[in-house]
Structures are given as structure tokens and as C-alpha cells.
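As a basis for the values below, the full set of heavy atoms in this structure was taken, side chains included, without hydrogen atoms, waters or symmetry mates. Atoms within a ligand are numbered from 1 in the order they appear, just like the ligands themselves.
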Amino acid sequence: MKLKFFLLFLCVSVGTAGAAWRDPVRAPHGMVASTDRIASQIGVEVMKRGGNAVDASVAVAFALAVTYPAAGNLGGGGFLLLRRHDGSTTAIDYRETAPAAATRDMFLLPNGDKIKGDGSSTIGYRAAGVPGTVAGMAFALKQYGSGKLSWSQLLEPARKLAAEGFVVTHRLEGMLQDNQSLLSPYADSRRIFLRDGKLYREGELLRQPDLAATLGRLQKKGPREFYEGETARLLADDMQRHGGLISRDDLRRYTPKEREPLRGSYRGFEIISMPPPSSGGAVLIEMLNILEGFDLKKLNPLSSDYYHLLIEAMRRAYADRAEYMGDTDFVRVPISGLIDKAYAERQRSSINLERASASSEISAGKPAGYEATQTTHFTVVDAQGNAVANTYTLNGWFGSGVVAKGTGFLLNNEMDDFTTKAGAPNLYGVVQSERNAVAPQKRPLSSMTPTFVLRQDGSLFFTVGSPGGTTITNTVLQVICNVIDHDMNLQQAIDAPHIHHQWLPDEVVYEPLGLSDDTRRALEARGHTFTTKPENMSDAQGIMIEEKTGVRLGASDARYDGAAVGY
Ligand code: GLY
């Protein structure tokens with residue numbers, strides 16, 4: 001009896017401590033952190049077979065396309081940031097492109113109003129950009145894979161999962177239920193994900209034979225099959241039948257781009273992040289530069305004084321995002337100016353420590369509403385020290401809702417990340433400029449922020465990234481400040497409450513239980529306004545390298561079902 005009581009006490013104590021300060025997962029060799037345990041495990045198996053972090057990332061990306069169909073994808077795009085064990089870095093941009101037939105005003109009615117429903121920038125065939133994921137993964141593998149595992153071997157776990165099925169989680173059951181109206185107008189989406197109305201329940205097997213067949217063709221014929229073979233034919237034919245714009249020519253012409261990562265610093269730590277067409281790196285570095293001038297260590301990470309400074313930095317950097325950012329292959333973006341320390345000093349000097357600035361005085365724009373947080377991030381560090389931070393997406397959950405007939409995979413609605421109407425908000429309520437207007441082959445502006453932080457000696461400190469549309473960059477910012485300024489371990493830094501401000505609408509978004517009434521009232525007294533979101537703000541994934549031992553410390557956001565798995 002006494003022993004039982006003691007054990008119960010022990011469990012409660014450990015449980016309570018764990019809830020407040022969960023430690024990262026530790027492993028000596030390699031680590032994968034993703035939003036899905038099956039996918040993380042697949043990445044680890046690849047590394048155990050001699051694969052490197054890039055090989056593992058390819059396998060994880062294809063596995064998530066099966067087990068996490070809301071954001072994992074073949075029909076979307078993203079960004080892969082790589083730091084090799086020799087310290088060299090590169091950024092692979094496999095963002096979707098606008099089809100050749102896309103036009104600046106394609107989502108507007110003749111009277112200038114935005115089109116609603118199918119045919120708009122968010123739903124249906126016309127919402128999809130030319131998918132980049134297959135080409136991006138193939139490029140990464142060819143250039144930076146270990147050569148020990150073939151393309152076909154790395155796709156096999158995903159093909160098997162699609163063919164044999166996987167167990168539907170409570171989360172997936174809910175996501176499918178919540179997105180019935182998006183998916184049901186499209187015959188293949190309805191059949192695959194909604195079982196023609198007999199909705200999947202937690203614990204049932206979800207099989208995706210069409211997706212397994214597509215993956216099988218990619219295994220046999222290689223990645224170009226997606227862009228030039230049967231898959232391309234199926235996709236383009238279905239597009240044509242339904243008024244979509246993606247043609248076989250668009251698919252044939254799609255190429256990923258290798259870009260120079262953006263570099264900044266924060267209190268002596270080097271920050272390496274994503275350049276345009278993502279706004280993530282530039283906005284992150286600008287915010288860190290502004291905050292560097294304040295002694296944040298002195299401030300409690302849940303205090304109104306700290307939040308005030310975060311909000312004012314966010315407001316200024318997101319105003320710049322709205323005004324200046326777009327695809328640098330098409331428009332000029334003053335990146336070096338935006339991430340310049342002297343510029344940040346000027347931005348900082350306009351912050352009043354007692355009062356909120358009004359966004360209307362920082363720059364002009366129109367207020368708008370917020371929507372949910374999509375996309376997915378994973379990260380891998382292998383035994384040699386190669387590190388990958390990869391964020392990819394369909395944009396909204398389940399993208400455009402469309403599975404082109406016979407292909408088995410969902411298409412993105414990334415066209416909504418363009419400025420579909422100047423001054424009007426997109427899916428994330430963000431207002432953007434003419435620089436991000438739709439044009440053929442152009443990439444829409446992103447917020448994805450896969451990031452590495454290096455120690456003063458140049459060694460990898462940690463990797464981090466998150467989904468969440470425009471909230472992504474602010475999540476990454478707060479994780480970095482939590483580690484560097486507030487001495488949190490990476491798991492704590494990710495799990496801690498986050499806030500979000502994006503200049504317009506001029507309001508602070510907070511997680512339902514993430515801000516005390518007292519703190520909110522103190523900030524309201526300074527002139528800040530607030531709104532809460534019905535759901536969590538992030539699903540961040542990160543890996544830290546323990547300084548003395550080199551142990552990999554994996555951290556997956558406590559908000560969702562993800563898992564860090566190591567070996
Ligand atoms: N589709 C969300 C982003 O790229 O930021």
C-alpha cells in the first residue's frame with residue numbers, strides 16, 4: 001500500500017514537472033522532429049541505413065504527404081534550408097509558380113471585387129500554383145544526398161503507407177470533418193478523404209491507392225515523371241476540364257532554384273534563414289535587429305514590458321513586409337537595407353516604451369480578419385552534423401481542396417499568397433503590395449522561415465521552423481528569444497505561449513490560454529488591442545546540439561501530435 005502510494009506520488013510529481021518544463025528528446029547520432037511520429041521514425045530509419053539528413057528529409061517529406069494530407073504534399077511547395085557538416089549552407093526554393101496563363105487581375109470580377117468560392121484564389125482549380133515539392137526534393141537529393149540510398153528507396157516507405165494505409169488519428173479525424181465543405185465538391189477528394197460521406201473515424205485505416213500508384217510511377221520513372229509523364233498528363237487534363245490554368249507546359253517548365261540564405265546576427269549568434277520569395281528571413285532578422293537594442297534578459301518572458309517590445313518590433317517589420325516584399329526574380333526588394341543594423345536602430349528609436357504605436361502611423365493600409373495556421377515544418381540533423389530545416393505547404397489546410405482525377409494528391413491554393421487585390425487581405429489577413437502581384441512563372445510571397453542559429457564559434461546551436469502563415473516568422477522569433485534571452489531549453493522555448501502582430505490589422509493575436517488577463521489589461525492600458533484565436537498558433541519543430549556532448553536534442557511542439565525521434 002505504502003509502495004503504491006509512493007509510486008503514485010512519483011508519477012504525479014514527474015508528470016507535473018513534465019507539463020511545465022518538458023525536456024527535449026535526446027539522442028547521440030541523428031534526430032528528426034516533425035508533426036507526425038510515423039514520418040519522424042521513417043527519417044530515423046533512413047539515417048540508420050547510412051542516409052544523411054537530406055536523404056532522411058526526402059523520405060520524411062513524402063511520408064508526410066501520405067500521413068498528413070492537410071499540409072504534407074506532392075501538390076504544393078516550400079523551402080529547404082541546408083547546413084552541411086563542413087559549415088556550407090544553401091537554400092532550396094521549391095515554391096510553386098503562377099501558371100503561364102495567370103494574370104494580375106485573375107481573381108477579380110469586372111467590378112474589381114474579389115471572386116468568392118470556386119475560381120477564387122483559395123478554392124478550386126484556379127487557386128493552384130505549379131507544384132514544386134517533387135522537383136525540390138529531387139534536386140536536394142541529387143545535389144546533397146549521400147548517394148547511399150536511391151530516390152526509389154526513399155519513396156518506398158511513403159508508397160507503402162499509401163498502399164497499406166495508416167491509422168487515422170483523432171486530429172486527422174477532426175481536420176477531415178472540419179474541411180468537408182472544401183473537399184466535397186471534387187469527386188476524387190470526396191472519395192479519398194471523405195469516403196463519399198462515411199467519414200473516417202480515429203483508429204480506422206486510411207488507404208490511398210491512387211497516391212500509391214503516383215508514388216510508384218515516380219519510383220520507376222524518376223521525378224520528371226511528375227512534370228512530363230502520366231502524372232503531368234492526368235493533372236493538366238483535369239485542369240483543362242475544370243477551368244484550371246496549369247498546363248503540361250507549365251509542369252514541364254517548373255524548376256526549383258538554389259538561393260543564398262540570408263544571414264544576420266543576434267547577440268553574437270549567427271542567424272541563417274530563408275531569402276525571398278519568402279519574407280521569413282528578412283522579417284525575422286529585422287525584428288531581431290530591433291530587439292537587440294533592448295535588454296530582454298531583464299524582462300520576464302510573460303510580462304507586458306516584454307510583449308510591448310515584441311509587438312512594436314513585429315509591427316514595424318511586418319509593415320516593411322507588406323510594402324517591400326515579393327519574388328526577387330521579378331521585382332526589386334531592398335533586402336540588405338531591411339536587415340541592416342543601422343536601419344533597425346532607426347526603427348527602434350521610433351518605439352515609445354510606454355505607448356503602443358498606431359499601425360496607421362507606421363504606414364497605410366486596411367484592417368482585416370485572421371484565419372487559421374497551416375503548412376508544416378520538419379527538421380533533421382544527422383550523425384555527421386548535416387542539418388536540414390524544411391517548411392512546405394499546400395497553403396490552407398488541404399490546399400485548394402482539389403485532387404486532380406487519378407493522381408491521389410491534393411493541389412495547393414498558393415495563388416492566394418499573391419496580392420490578389422491591392423489593399424485587400426489574403427487568407428492570413430495580410431495586406432501586400434504591387435510587388436507581389438500575380439505574374440506568369442512568378443513565385444508568391446511566403447512567410448516560411450526555416451532557420452539555423454549558430455553559436456559564436458560557428459557551430460550549429462539549433463534549427464527551428466513552424467507552420468502558421470504570417471504567424472510563422474513571429475513564432476521563430478519568439479523561440480529564438482526564449483532560448484537566447486530567457487535561457488529556455490528548446491522544448492520550453494517552443495511550448496511557451498506565443499503572440500502575433502502583423503502590422504495590419506492593428507491587433508495582437510494570442511493563444512486562448514497564452515496570456516493572462518492582467519498582462520492583457522496592462523498592454524491595453526498602453527494602447528494595444530487584442531484578439532484571440534480559436535486554435536494554437538504554432539506547430540514548431542526544432543533540434544538543438546548540446547554544446548559539450550554533441551547530443552541531438554529534439555523538440556516537437558506540445559500543441560499538436562508531432563514527435564522528435566532520434567537514435
Ligand atoms: N502559404 C503560407 C506561406 O507561404 O507563408
Taking the six-membered ring for Trp, are [X] and [Y] closer than 6.0 Å centroid to centroid?
X: Y94; Y: F139; answer: no
X: Y68; Y: F378; answer: no
X: Y318; Y: H500; answer: yes

Report yes or no: does a heavy atom of Q374 sit under 4.0 Å from some atom of ligand 1? no

At a 4.0 Å threshold, what atoms of ligand 1 neighbour a non-hydrogen atom of [X]?
X: N395; value: 1 (N), 2 (C)
X: M448; value: 4 (O), 5 (O)
X: R95; value: 4 (O)

Under a 3.5 Å threshold, yes or no: a donor from one side chain and an acceptor from the other, between R83 and T463? no

Mind running side chain to side chain donor-acceptor pair (under 3.5 Å) on T451 and T449 for me, showing each step along the way? CA-CA 6 Å; T451 297; T449 315; 5.6 Å; no

N/O of S447 under 3.5 Å from N/O of ligand 1, yes or no? yes

Between ligand 1 and S446, is the shortest N or O to N or O distance under 3.5 Å? yes

Atom 2 (C) of ligand 1 sits nearest the protein heavy atom D417 OD2, 3.2 Å

So which heavy atom on S538 is nearest to which on Y560, and how close? O-CE1, 3.4 Å

